[in-house]
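We name chains A, B, ... by the order of the sequence lines, and we start the count at 1 in each one. Atoms considered below: every heavy atom in the structure, side chains included; atoms not considered: hydrogens, waters and symmetry mates.
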Amino acid sequence: MRRGHYNVAFNQTDPMTEPTLQSLPERILALFRDAMRTVAPHAAVAVVLERPRQAGHGEFASTLALQLAKSLQRPPGEIAAALIKALPPSPLVEKVEVAGPGFINVFLTPAAKRSVVTEVLRAGSRWGAVSLGHGRRVQVEFVSSNPTGPLHVGHGRGAAFGASLANVLAKAGYEVQREYYVNDAGRQMDILAVSTWLRYLAGFGSKIPFPPNGYQGDYVTAMADTLRKTCGHSLFRADESVLDGTPGIAPLLREGDKEAEARNETHMDVLIANAKSLLGDGYKTVHQLALHEQLADCREDLEAFGVVFDRWFSEQSLYDDGSVARVVDRLAAGGHLYDQDGARWFRSSAFGDEKDRVVQRENGIFTYFASDIAYHANKFERGFERVVDVWGADHHGYIPRVKAALTALGFDAGRLHVPLVQFVSLYRHGEKAQMSTRKGQFVTLRELRTEVGRDAARFFYVLRKSDQHLDFDLDLAKSESNDNPVYYVQYAHARIHSVLQKWGGDAALLAGVPLDVLDSPQEFVLMQWLRAYPEAVEAAARDYAPHQLAFYLKDLAAALHSYYNATQVLVSEEPRKLARLALIAAVAVVLRDGLQLLGVHAPESM
RNA sequence: GUGCCCGUAGCUCAAUCGGAUAGAGCACCAGCCUUCUAAGCUGGGGGUUACAGGUUCGAUUCCUGUCGGGCACGCCA
């Protein structure tokens, strides 16, 4: 049995009420299983249902006859007829018919269609919860940006995608842990510390030219000010000692001048070494201040974006507790390492990588890859059944080596999933907004959030498949107009609440009202959308594709707006009024829940 | 050069593990507020799914090749 079909998808996880009652799609599926036992008892075909795109093809369809035609050596039409004849009678089914080359279309009775309204109102926020995950533990690691500066709009996409994906997985029955990997151990952090220190020194009149490969943002100067307030001039050192042994900054005459870049990197390395020896413990002070300030800023930024983590995992901790050295030893013990040119190499090419990789440099320092192996081993040892890394698409070449390492350590690398998130281009007034990380002129997530708002930003980010480049239209995201998809969906929710408020009754009673008076085509369309919500959740979880949920919500909102325009809900006839209120109240439940999964508010008035 | 991703309406994008007549929004055209929010609705035109083959009952989807775009190819992280 392959994963993810209606048989599991529609098994509502609702242990509180009627735990043994099968969902409606499940019951339809059971009918087909029965028929299969009669018509083709030995066929190795998974019995699944699909939802026809086309109105007029019923509520459910089966392609069983088409799939069986070959093995049974009979025409599909004939098999379809036999299957239909073998279907047990059901009060849910109005009619079943063969269509096209051999599709079997199932039409529900009106009562069966209406039942979803009551189901939704009773389930509330539990509606749409599916058991795809069966409570299995999954970890989603995302953002994990170097804490060396503010998050930019690219990180924002990773944040929005990762957070939505984690929510969707949780809704689909996984036990989800959200984690942020803090790269607090590497050279980048040293560069940030030195950058801060140089700004600090400048505040005391130092004339040291600021290196082009340092961090140049205003936030660095701000941290230098903090440093001056907390440490006075105790960290001041003379220019000559700071610059001692540095080759000096090479002018970068053109982009990609390898020689000049290399010299500047050396310059920086010497500055770092000097800082460490000149400051002693004071260096740690600078380093820690920079790290904590940036992490706090990052956390605050993400929280305001509706993104919260269960755990912030420090890379440094893997060095401190010996994990990195241990994992390298394990690889060595397994015979997966060799020495060459003074460095230690991991034979990743033996596990599908295109070349071998260094884990310990000639100077004895472990590479980032080494700590990353330790980190992934740690994840697997924590007992997650599945580990999801959300990475920027530029890291795709990194996947094979991590999987190779996991395999070499005896883990099942197939349990590591790495959805890639493509780049973001901002558009303003129809033109691409230039972004340069070089000079600190990039657009930050905070600026984006301030400009377009959290809701629009979150929604726009997941409006594209994650592996697709995203053109982010700032003007559209800001516009309070019908062009803006986020308002379109929110407006549908607000409209419903407006009606409920005007009615003024107790919404909790709507779950019990008779629904027979609901009989217009638009009402049945809305019921179909309600029925499709668990399916949308499951598809989004299965494919790591929260954008499917965003599209679903747009469609549901469209159906609601259409209905709203064509139908007066608050009519004088009481039973009709209550039934219509129940229907739109159910729609509001789903809109609210879906938006919440995407980190978007569902306002009750706009 | 090698590897991965992508190519769908004028634009931005969907398309349920291969399904029925490839769908939305924007833009364009024509309509709808004395009625629960017009941030809305109704209708219309618009396609050789980059191109050429292959696999099969059936291909936007899978395979091969060509063209075009992006990314990655470090003892950086």
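- In this model, a donor atom of one side chain and an acceptor atom of the other lie less than 3.5 Å apart for A:S562 and A:Q522.
- At a threshold of 4.0 angstrom between heavy atoms, the contacts of A:K465 are confined to the sugar-phosphate backbone, with no base atom among them.
- Look at B:C41: its Watson-Crick or wobble partner, with both distances under 3.5 angstrom, is B:G31.
- Between A:W312 and A:Y180, the two ring planes are parallel [angle under 30°; tilted spans 30° to 60°].
- A sub-4.0 Å separation between OP1 or OP2 of B:C41 and a side-chain N or O of A:Y488 is present.
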**Request:** Any chance you could lay out the salt bridge (Lys or Arg N to Asp or Glu O under 4.0 Å) test for A:R187 and A:D269, step after step, and finish with the verdict?
**Result:** CA-CA 9 Å; A:R187 179 168 177 267; A:D269 282 336; 2.8 Å; yes
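- A donor-acceptor contact shorter than 3.5 Å links the side chain of A:D455 to the backbone of A:H601.
- Between A:H547 atom NE2 and B:A24 atom P the separation is 17 Å, expressed in whole Å.
- Using a 4.0 Å heavy-atom criterion, one finds that A:Q490 contacts no nucleic acid atom at all.
- Using P as the reference atom, B:G53 and B:A59 are 14 Å apart when rounded to the nearest Å.
- Per the geometry, CZ belonging to A:R401 stands 13 Å off P belonging to B:A72, to the nearest Å.
- In this structure, B:G10 and B:C26 make a Watson-Crick or G-U wobble pair, each of the two defining distances being under 3.5 angstrom.
- Counting any heavy atom pair closer than 4.0 Å across all strands shown, A:H561 reaches sugar-phosphate atoms only and no base atom.
- In this structure, A:H376 and A:W391 have perpendicular ring planes: the angle between them is above 60°, well past the 30° mark.
- Separating the P atom of B:U42 from that of B:G3 is a span of 49 Å, rounded to the nearest Å.
- In this structure, A:R495 reaches the B:A38 phosphate: one of its side-chain N or O atoms is under 4.0 Å from OP1 or OP2.
- A:F369 comes within 4.0 angstrom of nothing in the nucleic acid, heavy atoms only.
- Regarding A:R53, its CZ atom lies at a distance of 13 Å from the P atom of B:G18, rounded to whole Å.
- Rounded to whole Å, the separation between the P atoms of B:G65 and B:U2 comes to 11 Å.
- Using a 4.0 Å heavy-atom criterion, one finds that A:S562 contacts the sugar-phosphate atoms exclusively.
- Using cut-offs of 30° and 60° on the angle between ring planes, the pair A:Y368 and A:Y398 is tilted.
- Base orientation at B:C62 is anti, since its O4'-C1' glycosidic dihedral falls outside 90° of 0.
- A donor-acceptor contact under 3.5 Å links the side chain of A:N105 to the base of B:A20.
- B:C32 and B:C13 have their P atoms separated by 35 Å, with the value rounded to a whole Å.
- When rounded to the nearest whole Å, the span between CD of A:Q73 and P of B:U56 equals 15 Å.
- Whole-Å rounding puts the A:D184 CG to B:A77 C1' distance at 12 Å.
- With a cut-off of 3.5 Å on both pairing distances, B:A20 has no Watson-Crick or G-U wobble partner at all.
- Pair check for B:C73 finds B:G1; Watson-Crick or G-U wobble, both atom distances under 3.5 Å.
- The aromatic rings of A:H493 and A:H497 sit tilted relative to each other, their planes meeting at an angle between 30° and 60°.
- The nearest whole Å value for the distance from the CG atom in A:L420 to the P atom in B:G70 is 18 Å.
- On the P atoms, B:C5 is 16 Å away from B:G18, given to the nearest whole Å.
- Across the P atoms, B:U34 and B:A39 are found 15 Å apart, a figure rounded to whole Å.
- Taking atom CG of residue A:D475 and atom C1' of nucleotide B:C26, one finds them 13 Å apart after rounding to whole Å.
- If you measure from atom CG of A:D471 to atom P of B:C6, you get 17 Å, rounded to the nearest angstrom.
- In this structure, A:D473 reaches neither bases nor backbone, as no heavy-atom distance under 4.0 Å exists between it and the strands shown.
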